[in-house]
Structure formats: C-alpha cells, structure tokens
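Contents: one structure, followed by commentary.
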Amino acid sequence: MRKGHATTPSIRTTSPPPPAGRPGTVDVSGFEDPRVAAATYRAAGLWTGRTLGNLLRDSASQHPNRTAVVAGGRRWTYAELDRRVDAIAAGTRSRGLDRGERVVVQLPSGGEFLPVLFGLARAGVVPVLALPAHRRTELTAVARAAQAVALVVPGVHARFDHRPLARAVQQDVPSVRTVVVAGDLAGPEDDGRDGWCTLSDLEIGGRPAAHVTGPGGPGPEPSDTALVLLSGGTTGTPKLIARTHDDYAWNAVASADAAGLDATSTYLAALPVAHNFTLVSPGTVGAVAVGATVVVAPSPDPATVFGLVARHGVTHTAAVPSLLATWLDERLAPTGPVEDLSSLRVVQVGGARLDDTTAAGVQGLLGARLQQVFGMAEGLNCYTALDDPDDLVTTTQGRPLSEWDEIRVVDDAGHGVPDGAPGHLLTRGPATIRDYLAAPAGTDGFTADGFYRTGDLVRRLPSGHLVVVGRAKELVNRSGEKISPAEVEGHLLAHPGITAAAVVAVPDPERGERTVAVLVGGAGVPDRRTIAVFFAERGVAAYKVPDAVVRRERLPLTAIGKIDRAAVLADVGSG
Ligand code: OOB
C-alpha cells in the first residue's frame, strides 16, 4: 500500500524564536511528570475527586424533581434518571462486568445513551464510545484495541439492524462475552444466545445499587478511566483516548461555567450524543453536573431543532459550522413554520473552522450569543467568552478553558513563534491526556515533556485567543467528522480494479471539506457507486466513501517517490 504522508506546510521563524510557551500565571514547574501535574490540579481545586456518578447523584439530591432528560417524547426527572443509572450500574455488575473492564457503546441520540453512559461509569465499567455509523471493520478494530468484554447496541436504527453487526463483532473479538441490546432481541436466534440481553433485562436484573456506589465500596476511583473516546479520524487501528473521572468532571463543570450553563438552563443535544463536543463542552455531562435539563434531538435538521427549542425553552445548543449554516438559512428563508427561538441564549459552534461571515450572522438570525469552541477529544477546550468583544467572538476560536491549560505555538523545529505568527499548537493541561491508551505503532502524538501535538496550526493573539489557520495532520474534516485519508486509501487499494489511490480534502461550501479520491487502474477502476457497495461489503462506515472519484493514468510523486499530495490537490482541488 502506498501510504500517505502529511502535507505539512513549512513554518519557520526568521528571527531567533522567543522561549517556548508564555510566561504563565501559574507555576507549572515539574509538570513533565504527570504525577506532579495531577497533584497540583488536585491542590488547586480543579480535580475535585468527584466521579461522573457523583455528579449525577449530587444533582439528583439537589433537584430531584427537575427534568433531567427529554428524549423521544419521554422525560425523566433527576431522581428517575439517578435510579435508572443505579439499576444499570447494578445490572452491569451482576452480569459479571468488572471495574475497569471496557464496553463498546454504539448508541444513537435517544433516551438510552445517558443512562447507559452514567450507569457504566457508576459501576466503574468503562464505556468506549463508537459512532452509530461504524460497521464491522471499525467496531471490530475498536473492540479489539480496547479488549472489550461487552457491546451495547441499538436494535434497528436508521433502517440498519445492529444485532447481526454485534454478532459479527462478537465472532471477530473473542473477549466480547456480553451483548446488550437497547431494544428488542432479534428473535429466536438471539433468545437465550449466550451473553445476550436487552437493556431492560439489565435494568430489571440490577440489585440495589449501594454495593457499587457506597462509601468504600468497589465503585470507581476519581483517577480511574471514566470513558474512552476515539481520536478524530480514527483509522483501522484506532487511537483510544482514556479520560478520567477527575479530568472529565473538571472539563464538564468548567465548560458549563464558560457557557453560562446552570440549573435554570436547558441544553439541546443537536449533534450526535457520542461526540465529545456534545458530551463535555459543556454538553450533556456538563448539563447533568449543574442540574440543567438535557433535550436530546433525534435529528439536527432546522425543523426538528427549532421545534424543540420552542417547545422546551432551550437556552443552549451546539453545532458544527455546516449545521449552523442550515439553521441560519432556514431563518433567512423559512421553508416551514417560524418558531419562537427567544429562549435561546448561547449557540456554540466548533468541531471545524467557522468562517467569520457566518459567525457574524448568528446573533441577528438566531437571537443568541455565539460561542466559538475549539476542542478535541484528547482534552483541550477553548471558548470565546460570552462577554468578549464581538470581533474576537466572530474571528477567533477562543481561549483555553483555564490558566492551567498550557499552550505552545511552535515552528517546524519546535521553537516558539511570536504572538500573531502561525505555528503548530502543542498543549498540556488538566483535561489533556498524556498518552493514548492504544495507538498504531509509530504514533508520535506527544512531546517528551507531555505536550499533546494537536496537528492544528494556529495563531495566538496577545489576548491569548487562538485563531485556527490550518492543519498539519493528515485528516479530512467533513462537517466536523474526521476522516483519515490513509485509511480510506487502504480500503480503496483492496479493490481489485485499483492499483494506486490518493484521497485528499477539497474545500466544500457546505461541509467545509469533502473527500476526493484519485484512482489509478485499468478499465476496471470502479465508480463511486461501486465503491459505496464495496465499502459496505467490507463493513466500512458509509461516511468514508469518497464524495467524488477521479480517474488518472498515474499519481504525481515527489522526488523521493511518495504521493505528491499538493500536486494531487492542485489537480482536483476545484472539482
Ligand atoms: C472536536 O473534537 P475531535 O476530537 O473530533 O476533533 C478535534 C479536531 C481539532 O484538533 C481540530 O483539528 C478540529 O477538530 N477542530 C476545529 C475546531 N474545533 C475542532 N478546527 C477549527 N475550529 C474549531 N473551532 O471536534 C471537538 C471536541 C470538543 C469540543 C468541540 C470540538
């Protein structure tokens, strides 16, 4: 396989670079040792020792009768959610799943996701969040990398039956001994199938929860892994991100503060619930932490979202730029009823670069304050402040959540660049991981002193706000969804009609970027539709099918014989 390489723009300073990093307001000496950093985050009161289970428990005892979750026409109070989570935690344990064991969760936006997430976390069992679009190839890779002992899947979702998929993954990955279906079992062939049960069985089978949550009981420690996220653009060998209760709880609570989310707020989860943005920035976990109401949208389209905003008095929501554009278009030229959005206070936008013009339209068209969010599953979250001047809100991607988030902007040689100059963003901080739980060999994601190499190119303003100006990592950001060109190329090369393939990100007015595959082969080079069928047969998620396919006699190569991606892009960049 002809493997891709990053099209890293060269960034060099001409004058002697200033020292790396910015003189901080806090003392981070010794933080290259993660134990020193952890002890300081604790002493400084960032890591409070609360688990995700505690966040919910505390909100349930303070506001038992407040609505916690609204989904699919049903609602649960905090007391009800807490009981449900207890039952799932207990059922999980009584099924023999142990603290620290991993469970791949593949649930769509709906009423089950939060109970399952918190239920597993309360039991100390670790949810690994897969996407509903993942198929056998991805799920198997994730389950294998995580050495998962169980899967949680929906029954049928979006016309796809996840039960045969779960069976296939169970066949591929022998460590998977349990499958929980949030829905019905498929029928006689699954009834009594070893290790299979429904989510209701799990809840009913749960014993009183005290034994998993009581003081000194075998519940999770705050320093334990609370959940595992997949790194954006996860390839055939996924990069697993283990986030602890301590760091995730801090991320959620501090983000709620940054977004002005409190117990009187209503957060609409419009983006898919398993995305880190929807989970913790401040997302649903932040909402639960402060006792706000979470409304789960079954779909992010403007009609659904605006209807839910009007019906439930939504105050906060979050979108990726391409989704925001559809919301703004609907307000500009309504195609359906014009809903009352006056409850909306904050619309967060992130996941991909928001253009300044669209940003400027938010307040006028939605009547809400825009908050830009630049985040990553690996940890760092940046926000524009609600009271930042308008020009900073519309043209920057915000400042790190806390003074403890260390930022370095460096040139190709790793030297710091002056404020205002573009460079590679490196970061270390209270939410940011120090290493992947599992990653493909050769992954060079961190510096020796523990900074995460984000792969993003930014400029830092003297105010500390970051402007994302590009990307050095090889990734396509398609509506905030990250796709690895190398992975797609690997699948393409498995097709007998293709002898060489290059996948590049091409600017797209709607999605930000789209994938174009340049293919070499004889007469047998498949078209896009054939590739879609081929990918489905291989068990590859549909969003990885290239958006366009172009045939060429050969691929342009660099002097040392690698695919010249810049030349490929110059060739197909406008098509
Ligand atoms: C979020 O998380 P991931 O892990 O799917 O992707 C992270 C990457 C970043 O490294 C950056 O390349 C890109 O997505 N990104 C942005 C951005 N926000 C994320 N690029 C430009 N402008 C932005 N505002 O995407 C994520 C996680 C938590 C909160 C928000 C987004």
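The figures that follow rest on heavy atoms only: side chains count, while hydrogens, waters and symmetry mates do not. Indexing begins at 1, ligand by ligand and atom by atom, following the structure's order.
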Quiz: residues 276-292 side-chain donor-acceptor pairs under 3.5 angstrom, not counting sequence neighbours:
from: Asn276; atom 1: OD1; to: Tyr248; atom 2: OH; distance (Å): 2.7
from: Thr278; atom 1: OG1; to: Pro272; atom 2: O; distance (Å): 2.9
from: Ser281; atom 1: OG; to: Asn381; atom 2: OD1; distance (Å): 2.7

Can the positive tip of Arg353 be found less than 6.0 Å from the middle of the six-membered ring of Phe374, inside 45° of the ring normal? no

In short, side-chain hydrogen bond (donor to acceptor under 3.5 Å, both in side chains) pairs touching residues 362-372 with sequence neighbours left out are Gln348-Gln371, Arg369-Asp390, Gln372-Gln397

Contacts of Ser322 meeting side-chain contact (heavy atoms from CB on, under 4.5 Å) (sequence neighbours excluded), chain-then-number -> Val320, Ser479

_Before we go on, tell me: are the rings of Phe113 and Phe118 under 6.0 Å apart, centre to centre?_
no

Distance filter under 4.0 Å, heavy atoms only, around ligand 1 gives His275, Asn276, Phe277, Ser281, Gly350, Gly351, Ala352, Arg353, Val373, Phe374, Gly375, Met376, Ala377, Gln397, Asp456, Val468, Lys473, Asn477, Lys482

- Task: Could you tell me whether Arg434 sits above the aromatic face of Phe451, with NZ or CZ closer than 6.0 angstrom to the six-membered ring centre and within 45 degrees of the axis?
- Result: no

